[in-house]
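Letters go in sequence order (proteins before strands), and every chain restarts at 1. Being a predicted model, the structure only gives us computed values, none of them experimental.
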Protein chains: 2
Amino acid sequence: MKFKSVERSPSLPEEIVASLTSALHAGELRPGDRLPSEQALATEFGVARTVVREAISQLKYDGIVQSRVGVGAFIAPPQERTAFRISPACFQKRKELLKLLRLRNGVVIEVAADAALARTKRDIARMEAILKEMREAIGDREHGAERHFEAERQLIHVIAKVADNEHALNFIVMIDSQIAEKLRSVAVKNTKATELAAVAIEEQAHLVEAIKSGDPVAARDQARQHYDNAAQRLADRADLADV
Amino acid sequence: MKFKSVERSPSLPEEIVASLTSALHAGELRPGDRLPSEQALATEFGVARTVVREAISQLKYDGIVQSRVGVGAFIAPPQERTAFRISPACFQKRKELLKLLRLRNGVVIEVAADAALARTKRDIARMEAILKEMREAIGDREHGAERHFEAERQLIHVIAKVADNEHALNFIVMIDSQIAEKLRSVAVKNTKATELAAVAIEEQAHLVEAIKSGDPVAARDQARQHYDNAAQRLADRADLADV
DNA sequence: GGCCACAGCCTGTCTGACAACCTGATTAAT
DNA sequence: ATTAATCAGGTTGTCAGACAGGCTGTGGCC
């Protein structure tokens, strides 16, 4: 992973979506407002109508606009939203990122409690294997940071699966993959600071222990302990890296 | 609200999206697979290519497929997902619905703690006004249930706003609006059972009190108390209503 | 004043076309 | 025989134009 992936020029529909959503976010478009006709937008953006239609179809997919044949397309009220999506820009700002982690952690903590109620012996074995991997990773000077990061991720996934909550898993995967670079870089730094890595592993070991004991309240407490601390560590380290 | 909204015949792109996503969910399409060409899909579905393109553009928007010029469109790995969206079917099944509520409650509980740290006098005044509205709604035989339901909703929104977490607000609004009918019908039943409504109000009063005192841990506990209980009440009542 | 028909606009869909691009096979050159 | 250049075919991205079906407001008619 030496080279960053080249960002190819965004497609025309993407740009139009971005333009419209930013207009909406800026308050220039408000719920109930009618969008200009597709033809009008096409000429305004200097593209074909099919391009505008693709853009609008994406917004319709999210429930942001609703269109009526023969009338036009309208900005839908917020409660019509059918998808939760975060603009990539949010993952750049430290403050926003921490807020997103709050969301994620809220969900993780919740499923940890469910996992404590549903865990089987096999589940516990898998979690302990992940803990073992973490401990071994400490000794690995070369790929240790990567291995640790990957193991942390897997632990969350296993917990979500044990809790049998696919939605939670989807949600967590989505958030995590979006902030993966940030999380990874900080995780790497923390792992190099061996004492922090050891602390993190112990926290997670306590979490697994709580799940093993089948105590949802304890699992919740341990999950909060670890993931809130992890967010705090991220906050501490991240401000060294970026603005 | 006497008449149910008529479901207008879904548009062709919608149907194709549904078809493709169901194929994906059924495992017929797996990450890395190439979709048939747009032309092929068009003839297969018996529609124009523009329709297929709109469908695929929606899937691309969610990061479910990625397309490369001159090559084709491919199912992306799950970690490329950029949106969290729930199929409407999930809101029908009681079990799924409760899992979604778990997600929501996890987030709500988290922001309640943040709200306790950020609340101002004005925020508290707004919350107490909402509580007052709830108490008054009990006496209203005609619209009491509706008023109570609306007030509960507003309380969550205010809390999310106080916590200054727009993402959480969006998330909660999205989930709530999707399960609004279910929530509403059960809320109405519970409100008619006056003793349950009184319990719910007291729980929320405690929550507001905790936020007022600025104690995040207490706020979390009270939030959990109320929203988990509310979910439980929903579970108890909902199985009377549906399968 | 009230009712009706109609023109004009809008979305949804279809068709055909072309540019840019990629892949794999074929061909040419060494 | 191996390598390099070429090319044909398929694919996505975009464009232009067309038509059906639906809605709205206007103007004429009763």
With sequence neighbours excluded, residues passing side-chain contact (heavy atoms from CB on, under 4.5 Å) with B:Ala23: B:Glu28, B:Leu29
A correct 5'-to-3' footprint of nucleotides 9-18 of chain C, with B, S and - meaning base, sugar-phosphate only and no protein heavy atom under 4.0 Å, is -BBBBBB-B-
For the side chain of B:Lys99 and the backbone of A:Asp164, is there at least one donor-acceptor N/O pair under 3.5 Å apart? yes
Between A:Gln204 and A:Ala200 (side chain of the first, backbone of the second, donor and acceptor by atom type, cut-off under 3.5 Å), is there such a pair? yes
DNA chain D: 5'-most and 3'-most nucleotides touching chain B, 4.0 angstrom heavy-atom criterion: D:dG10 to D:dT14
Restricting to salt bridge (charged side-chain N to carboxylate O under 4.0 Å, His left out), what partner residues turn up for A:Glu152, sequence neighbours left out? none
Qualifying residues under side-chain hydrogen bond (donor to acceptor under 3.5 Å, both in side chains), relative to A:Glu150, sequence neighbours excluded: none
Which side chain to side chain donor-acceptor pair (under 3.5 Å) pairs, counting each pair once, include a residue from residues 73-86 of chain A, with sequence neighbours left out? A:Asp62-A:Arg85, A:Gln66-A:Glu80, A:Arg85-B:Asp62
Just by modelled atom types, is the B:Val173 backbone N or O under 3.5 Å from a matching donor or acceptor in the B:Asp176 side chain? no
